[in-house]
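Each remark here refers to the structure printed beneath this line.
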Amino acid sequence: MPNIGQNIKNIRQRIEKACADCGRDPKEVTLIGVTKTVEPDAVREAFCAGIVHFGESFVQEARQKVEALAEVSAHWHFIGHLQTNKARFVAKLFDTLHTLDSEKLALELNRRLENEDRTLKVLIQVNVSGEKAKSGIAPKQAGSLAQYASSLPNLKLCGLMTLPPYFDEPQKAAPFFAALRSLRDEMAAKDVPGHLLAELSMGMTGDFEEAIAQGATMIRVGTAIFGERL
Ligand SMILES: *Cc1c(COP(=O)(O)O)cnc(C)c1O
């Protein structure tokens, strides 16, 4: 069994160190515990150890877990690819979506949110590397999607998210994180007001220190908290 409380302490220390190394305030970095495949009891343990943001990737799994953990007052982030036909579950159960990637999905989410009388924070997932197998919108199209999302009353645009290619050496991910930050700066000058793009969701277990050095405000960490996924 992984020692969840100790793991969280270690990660908080690493976040502090990474922030100190680049002159940032650790309060600017939100740690999201990624709980895909993790049992509700382990999520509760992480919550008791101070994690209040959790990320899920699969609608089916997340529905059961969010409901099982209804007594835990956590913020739920949907971080997996979302098909339009599952938008209603995210509209109903989640606080933040990291993977907005089309106008069609934005419109459907907005419609479902209106029905639920809710709002949802959204980040646009950008495919910075251009890998074919990866979700996310092309950098060139992110500006117009941001304009569209910001026009929908029940979506609260708040930033950008990316997943770099996998590298054994985390330094190699840094250019992809830097590219997301530059894209954000360009979009904030051209497409939408900068405060709608304040969040940069980037960095996971293997590379969150590099992401922090490049300006991450949300890091998504699973393995380093909950152990290897089966
Ligand atoms: C699974 C997942 C993570 C967490 O990955 P770890 O390497 O276990 O920290 C982060 N972001 C996304 C989008 C994921 O699917």
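Everything numeric here is computed off the predicted structure, so don't read it as measured data. The basis for the numbers below is simple: all heavy atoms, side chains too, and nothing from hydrogens, waters or symmetry mates. Ligands are counted one by one from 1 in listed order, and the atoms in each one are counted from 1 as well.
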Those atoms of ligand 1 less than 4.0 Å from some heavy atom in [X]:
| X | answer |
| --- | --- |
| Ser57 | 15 (O) |
| Val221 | 9 (O) |
| Gly222 | 4 (C), 6 (P), 8 (O), 9 (O) |

Starting from [atom], what is the nearest protein heavy atom, named by residue and atom, and what distance separates them?
| atom | value |
| --- | --- |
| atom 11 (N) of ligand 1 | Arg220 NE, 2.9 Å |
| atom 5 (O) of ligand 1 | Met204 CE, 3.5 Å |
| atom 6 (P) of ligand 1 | Thr205 OG1, 3.5 Å |
| atom 12 (C) of ligand 1 | Ile79 CD1, 3.6 Å |
| atom 8 (O) of ligand 1 | Thr223 OG1, 2.5 Å |

May I ask you to say whether [X] pairs ionically with [Y], meaning some side-chain N is under 4.0 Å from a carboxylate O?
| X | Y | value |
| --- | --- | --- |
| Glu71 | Arg44 | yes |
| Lys65 | Glu56 | yes |
| Glu108 | Arg111 | yes |

**Request:** Please test Leu123 against Leu200 for side chain to side chain contact (heavy atoms under 4.5 Å, CB included), starting from the C-alpha separation and ending with a verdict.
**Result:** CA-CA 8 Å; Leu123 290 83; Leu200 291 175; over 6 Å; no
**Request:** For His98 and ligand 1, answer yes if some heavy atom of the residue is under 4.0 Å from a ligand atom, otherwise no.
**Result:**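 Flag not set, His98 not near ligand 1.
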**Prompt:** With a 4.0 Å cut-off on heavy atoms, is Gly206 touching ligand 1?
**Reply:**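 No, that is not the case, since the closest heavy atom of the residue is not under 4.0 Å from the ligand.
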**Asked** How are the rings of His75 and His53 set to each other: parallel, tilted or perpendicular (split at 30° and 60°)?
**Response** parallel
**Item:** Pair Asn10-Gln6, side-chain donor/acceptor within less than 3.5 Å
**Value:** yes
**Asked** Is the closest side-chain donor-acceptor distance between Thr99 and His81 under 3.5 Å?
**Response**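 His81 and Thr99 do not have a side-chain donor-acceptor pair below 3.5 Å.
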**Complete:** A student comparing His81, Arg229, Met202, Lys36 should find that the heavy atom closest to atom 3 (C) of ligand 1 comes from Lys36
**Message:** Leu107 vs Glu103, test: side chain to side chain contact (heavy atoms under 4.5 Å, CB included). Steps then yes/no.
**Reply:** CA-CA 6 Å; Leu107 185 62; Glu103 293 192 359; over 6 Å; no
